[in-house]
Amino acid sequence: MIKVKKRKILLLPGDGIGPEVINEVRKVITWLNSKKSLDFEIDEDLAGGASYDKHGTPITDEVFYKALESKIVMLGAVGGPKWDNLEFQKKPERALLKLRKELKLFANLRPAICFKQLVHASTLKPEIVSGLDIMIVRELTGGIYFGEPRGIKPIDNGERKGINTHTYTSSEIIRVAKVAFDLAKKRSNKVTSCEKSNVMEAGQLWKEEVQTLHDAEYKEVELNHMLADNCSMQLLRNPKQFDVIVTDNLFGDILSDQASMLTGSLGLLPSASLGEKNKDGEMRAMYEPIHGSAPDIAGKGLANPIATILSFAMALRYSLDLDKEADNLEKAVQDVLNDGLRTKDIVAKGNKEVSTAQMGDAIISKLK
Ligand code: IPM
Ligand code: MG
């Protein structure tokens with residue numbers, strides 16, 4: 001087994017605006033190294049379409065092994081129309097899915113926070129979203145994304161059949177539910193578990209296992225079960241009823257996109273994908289902004305680096321136990337927003353529009 005190097009950070013900028021936003025994180029890391037004597041070792045390599053263009057594969061074995069020995073992987077974004085017609089195994093997204101699966105990053109944390117400075121950027125009424133602070137915990141290595149059998153095969157009548165399989169085992173459900181309960185204990189102590197137990201056996205198992213775990217180990221946390229379609233509706237009707245939502249891979253993909261829009265700013269939302277702790281307490285992890293590669297604005301200095309910088313703040317908190325540095329970085333972001341600086345995606349009347357690099361520099365100038 002490859003051992004994790006405690007100080008190693010692997011930057012995988014990827015495609016589209018990925019390189020621009022990762023560049024700002026690199027500046028933050030360099031600042032921490034020089035001003036706080038944090039001896040992070042930075043490495044950088046290709047993933048996604050950028051890797052396909054150079055090596056004919058979305059991620060090479062060499063890069064994959066670098067990821068395995070890194071304490072943290074910081075990913076920008078992968079994909080773009082240029083690679084849309086590639087065969088399935090060569091698509092840029094396969095790099096992401098391989099990293100998630102092979103690094104066993106089963107718990108995906110996607111906070112949806114409505115920044116007070118941006119309440120009016122949401123498509124929902126201010127009173128519905130102001131003060132919103134939800135954490136979606138998405139199972140990331142199971143379910144229909146990875147289940148077997150899968151594929152497209154010819155069938156008797158000359159048609160073809162597309163097959164994907166939705167499966168969950170008890171242990172897969174329990175380990176991600178534990179993450180959700182543990183997080184809730186540090187927040188508002190409330191978990192909503194979402195599935196489709198009314199139509200899917202895997203959903204029924206999900207509900208039963210979460211309830212059993214709750215009754216055995218987390219009685220002090222409030223637990224509600226909700227059908228995923230209802231959850232999607234409730235997220236728009238009254239999103240502040242939620243604290244932590246735990247759900248499977250596919251529902252989590254959809255519900256987290258929906259929740260992110262409540263905040264009015266895709267460019268501000270970070271994510272963390274966490275693995276299991278080994279017996280030495282070591283955990284692999286990957287951090288990435290939840291926005292995609294946005295090829296339409298790539299290379300123009302328009303991208304918002306805040307989601308990526310806040311993803312690095314999550315890395316400081318969850319992987320490095322540097323809570324003080326994480327607070328400091330998050331505070332710097334708030335300070336810059338209070339000063340009225342905005343990248344183009346969130347600029348409004350009275351703000352000062354800045355480029356990707358100017359935003360990164362402004363945040364660094366607020367670090368203490
Ligand atoms: C996400 C993305 C990915 C997913 C894609 C890019 C494979 O939508 O991280 O939510 O479906 O998981
Ligand atoms: Mg998604």
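First listed ligand is number 1; within each ligand, the first listed atom is number 1.
- Looking from atom 1 (C) of ligand 1 to the surrounding protein, the closest heavy atom is R110 NH2, 3.3 Å.
- From F312, atom CZ reaches atom CD of E325 across 9.5 Å, with rounding to the nearest 0.5 Å.
- A salt bridge is defined here as a Lys NZ or Arg NE, NH1 or NH2 lying under 4.0 Å from an Asp or Glu carboxylate O, and K178 with D182 fails to meet this definition.
- Looking at ligand 1, you won't find any N or O of E93 less than 3.5 Å from one of its N or O atoms.
- In terms of protein heavy atoms, atom 10 (O) of ligand 1 is closest to D253 OD1, 2.9 Å.
- One distance of note links CD of E209 with CD of E195; it measures 12.5 Å at 0.5 Å rounding.
- Using a 4.0 Å cut-off between heavy atoms, R100 contacts ligand 1 through its side chain alone, with no backbone atom that close.
- Here D253 meets the criterion, with an N, O or S atom under 2.8 Å of the Mg ion (ligand 2).
- Counting atoms of ligand 1 from 1 in the listed order, those under 4.0 Å from a heavy atom of Y145 are 4 (C), 11 (O), 12 (O).
- Here CD1 of I309 is found 6.0 Å from CD of E24. Values are rounded to the nearest 0.5 Å.
- Neither the backbone nor the side chain of E288 has any atom closer than 4.0 Å to an atom of ligand 1 (non-hydrogen atoms only).
- The CG atom of N304 sits 9.0 Å away from atom CG of L310, with the distance rounded to the nearest 0.5 Å.
- Note on L274 and I134: separate hydrophobic clusters, where clusters join Ile, Leu, Val, Met, Phe, Trp and Tyr whose side-chain heavy atoms are under 4.5 Å apart, directly or indirectly.
- Inclusion of R138 in the set of residues having an N or O under 3.5 Å from an N or O of ligand 1 is warranted.
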